[in-house]
Amino acid sequence: MSKRIKKSQIKSQKTEILTFFQTHTDRLYTLTDLYNHLNIYDEQDKMFVKLMVEDLVDEGKLHPAGRGRFTIEAKSTGYITGKLDFVNPSFGFVRYDENEPDIYISKDDMHGALDGDTVQVVITKKQGKREKNPEGRIVEIVTRARNTVVGKIKVFKNYALVSPDVKGFHENIFVPKDKINGATSDDLVIVELITYPQLGIQASGEVKAVLGKSGDNNAEMNAIMAEFGLPVDFPQAVLDQAAAISEAIPEEEIKKRRDVRDILTFTIDPFDAKDFDDALSFRTLENGNYEVGIHIADVSHYVRPGTLLEEEALKRATSVYLVDRTIPMLPEKLSNNLCSLRPHEDKLVFSAIFEMNDKAEVLNEWFGRCIMHSDRRFTYEEAQEILDGKEDETYSPVLHTLNNMAHILRDERFKKGAFNFETDEVKFRLDEEGKPLGIYQKVRKDAHKLIEEFMLMANRRVATFVHNKGPKDQEPYTMVYRVHEPPNPSKLETFVRFANKMGFSIKSGSTQQLSQSLNRLMTEIEGKPIQNVLESLAVRTMSKARYSTQNLGHFGLAFDHYSHFTSPIRRYPDIMAHRMLQHYLDGGKSLPAAEFEQKAEHSSAMEKLAAEAERASIKYKQVEYMSLQARNVVYNGLVSGVTDFGIFVELEGMGAEGMVRLADLTDDYYEFDADNYRVVGRKSGRVIGFGEELKVKVKTTDLDRRSIDLELVSIAGKTFTKKAPKPKPRRGKIPAPKRRR
């Protein structure tokens, strides 16, 4: 850049900077975000932009927002932009900065906003000593989160009402007679909003799709997908494009690739899996070392930029795993056939091949495209049988060697500060119609962990390779990383304080201390009733992992460089990683970050929606299962949360959570002690606190709300007896007692 800068250049640069902050109001942005958006990588250019930002701050057109972030809005105006969390019919909170308290909004000050809307708020009452949150009023809706709502319809003579299943939509939607479009009472429908709710005015809409009857499994699962705005069916044009791809592998394509078909190769997956993303190959080299190949479906060979398949894959960004089905990111022709590493078939793969010794040290590595042939498909259970001692002439020595190496890799991660969170997965036994026959928690064993460790190694080595690929004196080459930032200090402080009250000591002075303390905590609670609850709280304390072109490291795994490379059938960021890696292997220069950052942000958002849909399907099936059980069954439970209106209880062995309402505890008046995570009986002094073991019965279930109300039976072995209600006084004249004869 020339030392002499024209005034027109300065004006143009400032305008571009202001435009960025005016059009990006969903969160607060840093200088690094600005550099990425403007495609600026040269240090001199960065300095110029930084000076322009400082000028704009001096001119009052930009405003520092703490921690190196900036905003277009002046704090002095009292206007804040954030997202509305409409928690119940009476109030909500606007969340805008994880380091600032959320803004309380009463229902009368919503301005017609719905859950998830990006809104502008004016503060009406500042945070005080007693009030944990400032209060505000929504003055403008910047962007709507949705224009469709899923719910159950009730049809009347001249109109219909739809009761929304959507979180944060607390009022029925009015549907005119001519907009019902064939729906009948108790159908689950998708309604497009015509008008949004206002104070005292009901929302109105038109039925756009009928999903089926409420309670029907297919209708309920499709309703969950629609609730989170996730697509189910593929457009016909996309299916046609997939169908047109030849299943034959051309000889000229094979010649371009490393041929590993003669090396022992196998997959290990769940028993009901249909898409096999990854395979392992293994052989002993002449020098006594091992060659371990991690072979990943070469989806990017079939899904090319500029095609309908590419557009659809990016739009979905992830597969969605509901209780009884998978909604794939790619059409079945690709996900279950062409790209799936099925046994006894030649397949195109992108591979990471390592020479390793018996100490699991990587001595050499190679990345590139291969053709492979899987010799066997293992389920996790079949592989675990061999690890538990079942003899197999071919695979016993291979699996035991790989398992020993996996243990070493795992131990090294924990020594470096990785967290050891072992949450069990909730699974269901379903009949042919999807009705739940049983609930169980799937325990992860060595077979699962073996695969996990080698996939983690491949992801880490690929990210490190790209990061170190470019010239030493320049910015690292652009890559899409899987990043996990350190926990928010205030959330961490809350969890540490909570754990201390539960009798556990956690030191959070440094990353190393924190990880060691958390791992020690996980060891202490292993096998205890409180394990699941405390693990869940610890996970919620952590920051959420996401995708980014900024290499921020992975706090939970204790990796400096980490990417997602190993699941391109079900994750779009892995397809991006494959393309970027091949570009650099071919000698390409650093790719522009802005385009990939945008796709990374979209993928993170879609991943979040998919996870919420999965949780909703699990919750629905848990409630459905409990609704089918006899009401006199007594369950063991653990207090998993305490509020001012009830006690949340997790049912042992099922992961299902219900509530004992304080209003139903008639033996005493219980007061909420927020500081100590408990309720206390005013007269008796009886304490019911977090982690307390108790026994409960199911009182009621509500499938529409996916909720379970519980009745308390006993606490810590002591039977809970309800106090007999006082007889109500009779109204009017009391008749004289009859005389005895």
Side-chain angles (χ1 to χ4, degrees), residues 95 98-99 410-426 441-444 448-449 452-453 456 482-546 552-559 562 604 607-608 611-612 614-615 618-619 637-643 647-657 674-678 689-693:
R95 310 187 191 283
E98 62 180 25
N99 296 304
R410 185 176 172 82
D411 290 343
E412 285 179 354
R413 279 200 298 116
F414 294 146
K415 283 178 186 175
K416 291 178 180 177
F419 297 142
N420 183 19
F421 291 156
E422 287 287 351
T423 52
D424 293 333
E425 191 178 355
V426 176
Q441 289 182 302
K442 190 174 182 179
V443 179
R444 284 163 29 85
H448 299 82
K449 297 172 186 177
E452 179 182 67
E453 287 305 323
L456 289 175
R482 180 67 167 177
V483 301
H484 184 228
E485 295 159 279
N488 175 278
S490 62
K491 284 186 178 180
L492 181 60
E493 183 184 343
T494 301
F495 179 72
V496 169
R497 190 167 61 246
F498 173 80
N500 289 341
K501 288 183 182 292
M502 294 293 106
F504 301 102
S505 175
I506 294 179
K507 296 180 180 178
S508 58
S510 67
T511 301
Q512 193 79 9
Q513 277 185 325
L514 175 61
S515 61
Q516 288 174 352
S517 289
L518 286 171
N519 287 337
R520 188 166 54 248
L521 171 65
M522 296 303 123
T523 302
E524 284 181 49
I525 64 176
E526 188 173 0
K528 295 180 180 177
I530 202 171
Q531 179 180 355
N532 283 348
V533 175
L534 266 181
E535 281 179 345
S536 176
L537 280 176
V539 169
R540 276 185 265 170
T541 300
M542 298 296 110
S543 300
K544 297 292 183 288
R546 59 188 177 88
L552 305 174
H554 199 292
F555 184 70
L557 294 172
F559 289 158
Y562 187 65
S604 298
E607 178 187 62
K608 182 183 177 186
E612 290 175 353
E614 181 182 356
R615 284 194 294 270
I618 290 171
K619 183 70 174 176
L638 197 77
V639 176
S640 56
V642 185
T643 70
I647 303 158
F648 288 100
V649 178
E650 184 177 293
L651 303 182
E652 187 179 284
M654 290 183 284
E657 191 175 60
D675 291 335
N676 294 295
Y677 314 99
R678 63 185 187 177
F690 189 94
E692 193 113 31
E693 294 181 54

[X] [atom1] to [Y] [atom2] distance, which is reported to the nearest 0.5 Å:
X      : Y      : atom1 : atom2 : value
Phe690 : Phe648 : CZ    : CZ    : 12.0 Å
Met542 : Leu518 : CE    : CG    : 5.5 Å
Tyr562 : His554 : OH    : NE2   : 6.0 Å
Ile506 : Leu492 : CD1   : CG    : 8.0 Å
Glu524 : Ser517 : CD    : OG    : 9.5 Å

* salt bridge (charged side-chain N to carboxylate O under 4.0 Å, His left out) between Glu692 and Arg678, worked out -> CA-CA 10 Å; Glu692 193 113 31; Arg678 63 185 187 177; over 6 Å; no
Quick check: closest heavy atoms across [X] and [Y], and the distance to 0.1 Å?
X      : Y      : answer
Ala558 : Ala418 : CB-N, 3.4 Å
Pro487 : Phe555 : CD-CE2, 3.1 Å
Tyr677 : Val642 : O-CG2, 3.6 Å

* Any chance you could lay out the ring pair (Phe, Tyr, Trp, His ring centres under 6.0 Å) test for Phe419 and Phe414, step after step, and finish with the verdict? => CA-CA 7 Å; Phe419 297 142; Phe414 294 146; 9.5 Å; no
* Asked: If you measure from the Lys or Arg side-chain nitrogens to the Asp or Glu carboxylate oxygens, is any gap between Arg444 and Glu452 under 4.0 Å?
  -> yes
* Glu614/Lys619 salt bridge by N-O under 4.0 Å criterion -> no
* To do: Walk me through it: do His484 and Leu552 pass the test side-chain contact (heavy atoms from CB on, under 4.5 Å)?
  => CA-CA 7 Å; His484 184 228; Leu552 305 174; over 6 Å; no
* Give the intermediate values and the outcome of side-chain contact (heavy atoms from CB on, under 4.5 Å) for residues Gln441 and Met654. => CA-CA 6 Å; Gln441 289 182 302; Met654 290 183 284; over 6 Å; no
* Would Arg520 and Thr523 count as a side-chain contact (heavy atoms from CB on, under 4.5 Å) if you check the C-alpha gap in whole Å, the side-chain angles of each, and the deciding distance to 0.1 Å? -> CA-CA 5 Å; Arg520 188 166 54 248; Thr523 302; 5.7 Å; no
* To do: Assess whether side-chain contact (heavy atoms from CB on, under 4.5 Å) is satisfied between Lys544 and Glu485, documenting all intermediate values.
  => CA-CA 8 Å; Lys544 297 292 183 288; Glu485 295 159 279; over 6 Å; no
* Please check if the side chain of Asn519 supplies one atom and the backbone of Gly417 the other of a donor-acceptor pair under 3.5 Å. => no
* Partners meeting side-chain hydrogen bond (donor to acceptor under 3.5 Å, both in side chains) with Ser604 (sequence neighbours left out) -> none
* Asked: Between Glu453 and Lys449, does a salt bridge (charged side-chain N to carboxylate O under 4.0 Å, His left out) hold up when you go through it step by step?
  -> CA-CA 6 Å; Glu453 287 305 323; Lys449 297 172 186 177; over 6 Å; no
* Asked: Side chains of Leu557 and Arg413: closer than 4.5 Å at any heavy-atom pair?
  -> yes
